[in-house]
Protein chains: 2
Amino acid sequence: MNQELELVEAIDKLSGLTQTFQTQLLSGDLKEYTLRQLYYIELINKHQVIGVSEIAKMLDVQKSTVSIAINQLIDRGIITKVQSNTDKRFYFLELTPKGKDIMKTHMKVHRDAIKQILKILDKEEVDIFIKIVNKITASKL
Amino acid sequence: MNQELELVEAIDKLSGLTQTFQTQLLSGDLKEYTLRQLYYIELINKHQVIGVSEIAKMLDVQKSTVSIAINQLIDRGIITKVQSNTDKRFYFLELTPKGKDIMKTHMKVHRDAIKQILKILDKEEVDIFIKIVNKITASKL
DNA sequence: TATAATAGTTAGTTAGATAAAACTATATAT
DNA sequence: ATATATAGTTTTATCTAACTAACTATTATA
């Protein structure tokens, strides 16, 4: 079989796997949250200083969209906002302990999936896989 | 750095790439359609004989959900339904020429992405990549 | 100081995806 | 022949994610 076709199939399988993974993520302990919400939580976890406008720019959506979503997560006790002293217009978005727990659970799901992959592949294969993925992503495809 | 961490990062990058790919897919020529709609089209394209109930089972959603979505695509001239002669309850779902065009565009986007990957990697790397992906997906992770 | 820009909110709207329940029409099985 | 199952539809309703436009409060600038 030609290489291009095989690669098409491999990538199809990979995207099927991603979908299965997402489905698993959204059942289990994180079923109360949408992917979007988990992503907001992830962004806030990753950036020490972040506000509504920056998130909106990152996601390329309107500020109002983000504002509403974030305030819902605040109402649910997952995020807090702290007004900046130096610029009263700005609010630092932070995770509450509950938000940090969600983040931990999310990361654990990731880690568990990766542990399973590590069981299936031998060390050399993992190295090559990492190298290839890095090569692909480095090229800003 | 330990292998697990590197794999975590590689997979993060890969999922970032997937997201970029999706964003590109949903701008460009296919911006009038949602991912879900493209998936309905893909399923109908892939299966010569398929009806509403089967799609519902595949996606694990209610028949009513699929019925509404499919009828919207029929209204937009993308799908047709043809009543079966041997079982009058059943409707064969098929792509119209417009639907087939959408499918072609969709596949072209895929093929183009894969061609870019083929440019970046050498033949041996592609082979290994395919082998590893197959190993992972074969294991029903 | 008056005006611009920025950060975030609020009100109102829309599209899409989903569900439950009641329904029609048809086919199958006892 | 009657009862049950199946294929698909319709109605009603909910939720998410997004939009625009108008708004407040604050900061920066000319």
Side-chain angles (χ1 to χ4, degrees), chain A residues 19 22-23 25-27 30-44 47-76 78-94 102, chain B residues 19 22-23 25-27 30-44 47-94 99 102:
Chain A
Q19 219 169 308
Q22 263 182 25
T23 308
L25 187 68
L26 300 179
S27 17
L30 297 172
K31 71 160 133 279
E32 300 164 63
Y33 311 104
T34 65
L35 259 195
R36 210 38 157 185
Q37 288 170 333
L38 292 176
Y39 196 46
Y40 285 122
I41 293 167
E42 211 176 315
L43 282 178
I44 292 168
H47 299 86
Q48 291 83 344
V49 175
I50 196 165
V52 165
S53 293
E54 272 165 276
I55 294 178
K57 266 178 218 152
M58 285 176 188
L59 300 182
D60 193 28
V61 297
Q62 295 297 314
K63 285 188 303 179
S64 57
T65 302
V66 178
S67 177
I68 291 164
I70 293 296
N71 282 312
Q72 278 169 359
L73 292 173
I74 289 171
D75 291 344
R76 290 173 69 180
I78 293 156
I79 294 173
T80 43
K81 58 182 172 189
V82 180
Q83 194 172 26
S84 162
N85 286 320
T86 57
D87 182 347
K88 297 281 189 186
R89 293 170 304 177
F90 187 88
Y91 293 81
F92 297 97
L93 299 176
E94 287 163 20
I102 293 167
Chain B
Q19 220 170 306
Q22 263 182 25
T23 309
L25 187 69
L26 299 180
S27 18
L30 296 172
K31 70 161 134 281
E32 300 164 63
Y33 312 102
T34 64
L35 260 193
R36 207 43 154 180
Q37 287 168 337
L38 291 176
Y39 196 46
Y40 284 123
I41 293 168
E42 210 177 316
L43 282 179
I44 291 169
H47 300 87
Q48 291 83 343
V49 175
I50 195 165
V52 166
S53 294
E54 270 164 278
I55 295 179
K57 266 178 220 155
M58 284 176 189
L59 300 182
D60 193 27
V61 296
Q62 294 298 313
K63 285 188 303 179
S64 58
T65 300
V66 178
S67 177
I68 290 164
I70 293 297
N71 282 312
Q72 277 168 359
L73 292 173
I74 289 171
D75 290 345
R76 291 174 67 181
I78 293 156
I79 294 174
T80 43
K81 59 182 173 189
V82 179
Q83 191 170 29
S84 162
N85 286 321
T86 55
D87 182 346
K88 297 281 189 183
R89 292 170 306 175
F90 187 88
Y91 292 81
F92 297 96
L93 298 176
E94 286 164 21
I102 293 167

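Lettering of chains follows the sequences in order, A, B, ..., and the numbering in each one begins at 1. It should be emphasised that the depicted structure is a prediction, and the values quoted were computed from it without experimental measurement.
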Could you state the CD-P distance from Q62(A) to dA17(D), rounded to the nearest angstrom? 16 Å

Length of the line joining I68(A):CD1 and dA7(C):P, which is rounded to integer Å: 18 Å

Output the rounded distance in Å from CG (L59(A)) to P (dC19(D)). 10 Å

Would you kindly give the CG-to-C1' distance between L73(A) and dT9(C), to the nearest whole Å? 16 Å

Quickly, which of L38(B), V66(B), L59(B), L93(B) forms a side-chain contact (heavy atoms from CB on, under 4.5 Å) with L43(B)? Name it, please. L59(B)

Nucleotide dT6(D), atom P - distance to OH of Y91(B) in whole Å: 18 Å

Mate of dA4(C) across any strand shown (Watson-Crick or G-U wobble, both atom pairs under 3.5 Å) is none

State whether the distance check finds a donor on one side and an acceptor on the other, under 3.5 Å, for side chain S64(B) versus base dA20(C). yes

Got a sec? Which of residues 47-54 of chain A come in under 4.0 Å of DNA chain C, heavy atoms? G51(A), V52(A), S53(A)

Under 4.0 Å between a side-chain N/O of R89(A) and OP1 or OP2 of dA5(C), yes or no? no

N-glycosidic conformation, dA25(C) - syn within 90 degrees of 0, else anti: anti

Hey, which sits more toward the 5' end of DNA chain C by its nearest nucleotide, D87(A) or T65(A)? D87(A)

Within the side chain of S67(A), is there an N or O that forms a donor-acceptor pair under 3.5 Å with the backbone of K63(A)? no

Which of these passes side-chain contact (heavy atoms from CB on, under 4.5 Å) with E94(B): I50(B), V49(B), T80(B)? T80(B)

Short side-chain N/O contact to dT28(C) OP1/OP2 from K88(B), under 4.0 Å: no

Partners of R89(B) by side-chain contact (heavy atoms from CB on, under 4.5 Å), sequence neighbours excluded? D87(B)

Rounded distance in Å - NZ (K63(A)) to C1' (dA7(C)): 5 Å

Could you tell me which nucleotide pairs with dG16(C) by Watson-Crick or G-U wobble geometry, both distances under 3.5 Å, or answer none if nothing does? dC15(D)

Residues passing the side-chain hydrogen bond (donor to acceptor under 3.5 Å, both in side chains) test with Q83(A), sequence neighbours excluded, are Y91(A)

Does some side-chain heavy atom of Y33(B) sit less than 4.5 Å from a side-chain heavy atom of I78(B)? yes

Just to be sure I understand the rule, does T86(A) reach a base, reach only the sugar-phosphate, or reach nothing, if contact means heavy atoms closer than 4.0 Å? sugar-phosphate

Verify the contact: side-chain N or O of S67(A) to OP1 or OP2 of dG8(C), cut-off strictly under 4.0 Å; return yes or no. no

